[in-house]
Amino acid sequence: MANKADKKKSVKKVGKNEVKVVLEKALEPKKDKKMSKNMLTTIIIAVVSILFIVLSFLIGAKKDPEKEIVLQEMDVSKASKTIQDWYNDLASGETVVSVLASSTCPHCQELKPIITKVAEDYKLKLYFVEADQMDSVDYEIYTNAIELVGYNSSVPYMFIVSDKKFVNSHTGSMSQEDLVDYLKDNNVIEN
């Protein structure tokens, strides 16, 4: 018992500042270890995140860029005449320029007379449809008959199908000159 009392007395005789310094020194290595663990955890998380991002791009890049996107067989008997004609033109292998638009979209309404004139001038098969005016059957066929690459619900969305295969797409309005160049670049009209 005397030993415990002696230890208590010796502890009590130490000044407050001395106890504080002793405690700080005792805790310093623990703080360093804690900071090291936190830093290490942060670095590991950062490395794993970067690896995840890089692998995502590599996996995405492994998709075959030459893979052809082809027209899917669909029953269009319940579709409107316009969508039936559109689908039948695609199925025949003709080159078809299609535009998915909206009646309330100013960019769509800006593109409509331009693309209509170009289609008339160059005798192109053009289908300009307004999604907000379509029923669900027509919309389902139009958006699922062929994979609409790059389509993210933004309009106007123009895409080209030739020989039952997806050729290219463009989102947004274009000037007449840019549209003609775009169609030439995608072999829709001759240079």
Side-chain angles (χ1 to χ4, degrees), residues 52-191:
F52 178 75
I53 292 168
V54 169
L55 287 173
S56 296
F57 281 113
L58 290 176
I59 290 169
K62 284 187 177 184
K63 289 182 181 175
D64 187 4
E66 299 298 318
K67 178 187 169 207
E68 293 181 330
I69 299 167
V70 296
L71 183 67
Q72 302 297 309
E73 281 192 41
M74 299 187 85
D75 176 13
V76 296
S77 62
K78 295 180 181 172
S80 68
K81 178 157 176 24
T82 300
I83 297 303
Q84 286 180 11
D85 291 347
W86 168 80
Y87 183 84
N88 291 333
D89 284 344
L90 294 180
S92 74
E94 289 189 62
T95 298
V96 178
V97 177
S98 304
V99 179
L100 184 59
S102 169
S103 64
T104 59
C105 167
H107 303 292
C108 300
Q109 299 314 308
E110 178 183 308
L111 178 63
K112 190 173 186 175
I114 294 169
I115 198 163
T116 302
K117 180 170 179 6
V118 169
E120 288 171 4
D121 291 350
Y122 290 93
K123 297 179 182 25
L124 306 176
K125 282 279 186 182
L126 169 69
Y127 288 88
F128 191 99
V129 297
E130 295 170 332
D132 58 331
Q133 304 298 313
M134 299 171 84
D135 67 22
S136 60
V137 172
D138 283 359
Y139 185 79
E140 172 108 8
I141 292 169
Y142 195 83
T143 57
N144 290 305
I146 193 157
E147 182 182 341
L148 300 180
V149 177
Y151 179 62
N152 62 3
S153 299
S154 296
V155 290
Y157 174 80
M158 174 178 41
F159 62 101
I160 302 164
V161 175
S162 185
D163 196 26
K164 300 182 187 181
K165 297 174 190 147
F166 183 90
V167 175
N168 205 347
S169 67
H170 175 81
T171 303
S173 189
M174 300 173 117
S175 69
Q176 184 170 341
E177 183 180 308
D178 289 341
L179 177 60
V180 169
D181 289 343
Y182 174 78
L183 295 172
K184 284 180 180 177
D185 291 344
N186 286 287
N187 300 315
V188 176
I189 56 179
E190 294 181 17
N191 283 324

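FYI, side chains are in, hydrogens and waters are out, and symmetry mates aren't considered; it's all heavy atoms of this structure. Note that this is a predicted model, so its numbers are computed, not measured.
Looking at V129 and W86, their side chains never come closer than 4.5 Å, going by heavy atoms from C-beta outward. Under the 4.5 Å side-chain criterion, counting only non-hydrogen atoms from C-beta, Y157 is not in contact with T143. In this structure the side chain of N168 reaches within 4.5 angstrom of the side chain of Y182, judged on heavy atoms. Contact of the Y122 side chain with the V180 side chain is registered, since non-hydrogen atoms from C-beta on lie closer than 4.5 Å.
Taking each heavy atom of D75 and S77 in turn, the nearest pair found is OD1-OG, 2.8 Å. Closest of all the heavy-atom pairs between M174 and D178 is CE-O, 4.0 Å. Heavy atoms only, all atoms of each residue included: S173 and H170 are closest at O-NE2, 3.9 Å. In plain terms, the two heavy atoms of V99 and L126 that are nearest each other are CG2-CD1, 4.1 Å. Smallest separation of non-hydrogen atoms from K165 and I146: C-CD1, 4.0 Å.
Here the CG atom belonging to N186 is positioned 11.0 Å from the CG atom belonging to D181, to the nearest 0.5 angstrom. Expressed to the nearest 0.5 Å, how far CG of L111 lies from CZ of F128 amounts to 5.5 Å. Atoms CG and CG, from L148 and N152 in turn, are 11.0 Å apart once rounded to the nearest 0.5 Å. Between the CG atom in L183 and the CD1 atom in I160 there is a gap of 5.5 Å [rounded to 0.5 Å]. Rounding to the nearest 0.5 angstrom, the gap separating the CG atom in L100 from the OG atom in S169 is 11.5 Å. Atom CG in D138 sits 7.5 Å away from atom OG1 in T82 (nearest 0.5 Å).
When L90, L71, I69, V96 are each tested for a side chain to side chain contact (heavy atoms under 4.5 Å, CB included) with K164, only one passes: L71.
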Exercise. Please walk me through it: do H107 and V155 pass side chain to side chain contact (heavy atoms under 4.5 Å, CB included)?
Worked result: CA-CA 8 Å; H107 303 292; V155 290; over 6 Å; no
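Annotation: E140, atom CD; neighbour count of heavy atoms from other residues, nucleotides and ligands within 6.0 Å does not exceed 12. Open room surrounds NZ on K117; 12 or fewer heavy atoms of other groups in view lie less than 6.0 Å from it.
Using cut-offs of 30° and 60° on the angle between ring planes, the pair F166 and F159 is parallel.
A side-chain donor-acceptor contact under 3.5 Å links T104 and S102.
Side-chain atoms of Q84 come within 3.5 Å of backbone atoms of A79 as a donor-acceptor pair (strictly under, hydrogens ignored). Between the side chain of Y87 and the backbone N or O of M74 there is at least one donor-acceptor pair closer than 3.5 Å.
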